[in-house]
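For reference, the structure is listed below as structure tokens.
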2 protein chains.
Amino acid sequence: MTTLSAASIPRTAREQARADVLAELKSIGRRHLAESGSAALSLRAVAREAGMVSSAIYRYFPSRDELLTALIVDAYNALGAEVERADAGRRRSDIAGRWMALCRGVRGWAIANSHEYALIFGSPVPGYHAPQDTVDPASRTTLTLVSLLHHGMECGAITNTGGAVPAPVRKDLIGLNSLSGMDIPAAVMLRGLAAWTQLFGHVSFELFGQFTNLIHDRDTFFAVQMKLVGQQVING
Amino acid sequence: MTTLSAASIPRTAREQARADVLAELKSIGRRHLAESGSAALSLRAVAREAGMVSSAIYRYFPSRDELLTALIVDAYNALGAEVERADAGRRRSDIAGRWMALCRGVRGWAIANSHEYALIFGSPVPGYHAPQDTVDPASRTTLTLVSLLHHGMECGAITNTGGAVPAPVRKDLIGLNSLSGMDIPAAVMLRGLAAWTQLFGHVSFELFGQFTNLIHDRDTFFAVQMKLVGQQVING
DNA sequence: AACAAGTCAAGAGCAGTGCTCTCTCAAACA
DNA sequence: TGTTTGAGAGAGCACTGCTCTTGACTTGTT
């Protein structure tokens with residue numbers, strides 16, 4: 001969407017220096033985020049660590065929210081890349097295996113980067129509204145699932161068991177195809193989205209503490225649950 | 001757990017006054033929370049509105065986290081009450097109907113009190129760790145589901161279709177029964193928890209903006225999805 | 001009734017925050 | 001060789017959580 005390629009290639013020395021500083025600030029910010037969470041992310045602290053005075057950082061990020069947005073975009077991309085890698089590591093026709101790999105990819109990344117996960121899937125940062133820049137990276141992970149559904153139907157692993165889907169929902173669901181360029185029937189897409197919310201609901205429950213004192217062997221529990229979900233999305 | 005009954009009945013005039021002030025502060029805090037979210041909840045602002053100087057509020061809440069904890073407990077109880085009411089409005093043997101009512105109860109409360117929902121099911125407030133006071137009210141909502149499972153089995157609507165559950169997970173799952181005093185088989189409990197994460201995963205996705213630009217008719221979408229989940233938990 | 005103990009509001013103050021404004025100076029461009 | 005542009009510095013505003021001290025008031029006890 002954004003003119004990323006055109007605008008972000010540093011041409012002059014000044015632009016190069018700016019890009020360097022910006023990258024360093026983002027990197028420091030990401031570390032602060034990982035260590036202390038989003039609420040503790042402070043422009044002043046980042047500036048201090050970068051060796052500049054607090055007012056100078058406003059040359060790079062017009063506000064704290066702008067820094068957060070940059071980190072959110074990065075987080076979406078990191079998760080997307082991780083999931084894509086997990087998915088690519090399986091035989092293309094092994095739908096059930098790819099689903100499990102995908103689940104493990106999401107959960108693994110979420111656990112390893114819990115604050116970033118919270119940033120994108122947790123409560124929205126108050127007073128902050130995600131700008132349009134975030135929707136493209138956000139859909140990257142979802143696309144992996146949709147293409148899994150697509151391949152599943154292609155090789156017959158997933159069949160359209162039908163089932164009536166109310167018109168307005170059907171419209172939304174087949175509308176999703178225009179984003180991916182694929183052609184998933186509404187009933188299948190419905191099951192896919194159910195699996196999706198189940199996956200992230202589980203990960204969020206685990207990371208946000210809802211399993212405390214209840215579930216102890218979380219690796220196994222997750223595997224069992226996701227296997228169940230996988231069967232449901234495949235068999236209808 | 002806490003000696004709530006013994007300590008909280010105001011005896012002297014002073015204790016009464018203290019209880020009144022405490023209730024007013026909580027009420028103001030809850031309103032601020034509803035209007036601006038948890039990050040914007042400020043002890044100073046609450047004190048100001050209550051007509052006292054900022055330092056005075058520390059007589060009532062030793063820290064900002066303490067105020068948050070109080071509001072979190074209230075939120076858990078409010079959700080629990082709402083869900084219990086929704087569940088009680090159905091015929092006891094109408095398992096599927098009770099499930100849908102329960103779902104609508106959760107979602108309805110969450111939408112009407114989105115900031116409080118975010119407080120308890122969203123990303124944990126950074127630097128804040130839930131004290132033991134919150135676990136009792138938190139389990140209240142879960143108990144409603146467990147008792148639904150229990151009644152479902154009692155009247156034959158839910159049958160134990162078996163299915164192998166790995167030993168450590170089985171242990172966790174039957175361990176949950178000791179909290180409720182019921183006796184749900186591991187395989188059924190597994191399906192119940194799956195439904196649970198699906199429900200809250202869906203509501204969180206909706207409230208935290210993951211459905212933006214994707215799902216438009218959210219009421220219908222929710223109903224369709226929860227109906228599907230209900231069938232899965234009932235039929236195995 | 002007098003006193004000691006306990007409680008509370010208030011004020012000042014510390015260190016931190018986001019953000020704005022003005023200033024200076026050096027690099028890039030013409 | 002000027003002239004423009006942009007980066008950093010510094011002061012400052014209004015706000016935050018939290019602490020400490022002081023003076024007034026309320027209790028229960030002597």
Side-chain angles (χ1 to χ4, degrees), chain A residues 7-26 28-29 31-33 35-72 119 125-129 131, chain B residues 7-26 28-29 31-33 35-72 119 125-129 131:
Chain A
S8 72
I9 296 177
R11 305 185 47 79
T12 72
R14 186 174 254 173
E15 278 177 15
Q16 175 63 50
R18 183 180 174 84
D20 286 351
V21 173
L22 219 141
E24 196 205 343
L25 292 177
K26 275 211 297 181
I28 294 173
R31 223 189 41 253
H32 284 200
L33 180 68
E35 283 164 8
S36 333
S38 64
L41 182 66
S42 142
L43 281 183
R44 284 182 119 110
V46 170
R48 204 179 306 133
E49 190 168 326
M52 57 171 71
V53 89
S54 74
S55 59
I57 203 176
Y58 286 86
R59 296 268 170 201
Y60 298 91
F61 298 101
S63 76
R64 182 177 172 277
D65 280 0
E66 217 63 31
L67 210 202
L68 267 181
T69 301
L71 296 180
I72 286 175
L119 199 56
V125 180
Y128 170 81
H129 273 85
Chain B
S8 71
I9 296 178
R11 306 183 49 77
T12 72
R14 178 176 259 170
E15 278 176 14
Q16 176 62 50
R18 183 180 175 82
D20 286 352
V21 173
L22 221 140
E24 196 205 342
L25 291 177
K26 275 212 295 183
I28 294 174
R31 223 188 44 252
H32 283 200
L33 179 67
E35 283 165 5
S36 331
S38 64
L41 181 67
S42 144
L43 282 183
R44 286 181 117 109
V46 170
R48 204 179 306 134
E49 190 168 327
M52 57 170 70
V53 88
S54 72
S55 58
I57 202 176
Y58 286 88
R59 294 266 167 202
Y60 299 91
F61 298 102
S63 74
R64 182 179 173 277
D65 279 1
E66 217 63 31
L67 210 201
L68 265 181
T69 301
L71 296 180
I72 286 176
L119 200 56
V125 180
Y128 170 81
H129 272 88

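A, B, ... follow the sequence lines: proteins, then strands. Residue 1 opens every chain. Values below: all heavy atoms of this structure, side chains included; hydrogens, waters and symmetry mates excluded.
Protein chain B contacts DNA chain C from C:dG6 to C:dG13, reading 5' to 3' and using non-hydrogen atoms of the protein with a distance under 4.0 Å.
Between the CG atom in A:Leu41 and the CG atom in A:Leu119 there is a gap of 8.5 Å [rounded to 0.5 Å]. Atoms OG and CD, from A:Ser63 and A:Glu66 in turn, are 5.0 Å apart once rounded to the nearest 0.5 Å. B:Leu33 CG to B:Leu71 CG: the interatomic distance, rounded to the nearest 0.5 Å, is 6.0 Å.
In this structure, B:Leu67 and B:Leu25 have side chains that are not in contact, with every pair of non-hydrogen atoms separated by 4.5 Å or more. Using a 4.5 Å cut-off on side-chain heavy atoms (C-beta onward), A:Arg18 and A:Tyr60 make contact. Counting heavy atoms from C-beta on, the side chains of A:Leu22 and A:Phe61 come closer than 4.5 Å.
Residue-level contact check: B:Phe61 touches neither bases nor backbone, having no heavy atom under 4.0 Å from any strand.
The CZ-C1' distance, from A:Arg59 to D:dA9, rounds to 10 Å in whole Å. The interatomic distance linking A:Glu15 (CD) with D:dT5 (P) rounds to 15 Å, in whole Å.
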Please tabulate, for the side chains in residues 44-55 of chain A, all donor-acceptor contacts under 3.5 angstrom to protein atoms that are two or more places apart in sequence or on a different chain.
from: A:Glu49; atom 1: OE1; to: A:Arg31; atom 2: NH2; distance (Å): 3.3
from: A:Glu49; atom 1: OE1; to: A:His32; atom 2: NE2; distance (Å): 2.7
from: A:Glu49; atom 1: OE2; to: A:Arg31; atom 2: NH2; distance (Å): 2.0

Output a table of nitrogen or oxygen pairs between the protein and nucleotides 16-20 of chain D separated by less than 3.5 Å.
from: D:dT16; atom 1: OP1; to: B:Ser42; atom 2: OG; distance (Å): 3.2
from: D:dT16; atom 1: OP2; to: B:Arg48; atom 2: NH2; distance (Å): 2.7
from: D:dG17; atom 1: OP1; to: B:Leu43; atom 2: N; distance (Å): 2.7
from: D:dG17; atom 1: OP2; to: B:Ser42; atom 2: OG; distance (Å): 3.4
from: D:dG17; atom 1: OP2; to: B:Leu43; atom 2: N; distance (Å): 3.4
from: D:dG17; atom 1: OP2; to: B:Arg44; atom 2: N; distance (Å): 3.1
from: D:dG17; atom 1: N7; to: B:Arg44; atom 2: NH1; distance (Å): 2.3
from: D:dG17; atom 1: O6; to: B:Arg44; atom 2: NH1; distance (Å): 3.0
from: D:dC18; atom 1: OP2; to: B:Arg64; atom 2: N; distance (Å): 2.8
from: D:dC18; atom 1: N4; to: B:Arg44; atom 2: NH1; distance (Å): 3.3

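With sequence neighbours left out, A:Arg59 forms a side chain to side chain contact (heavy atoms under 4.5 Å, CB included) with no residue at all.
Here A:Arg14 does not reach the OP1 or OP2 of D:dT5: none of its side-chain N or O atoms lies under 4.0 Å away.
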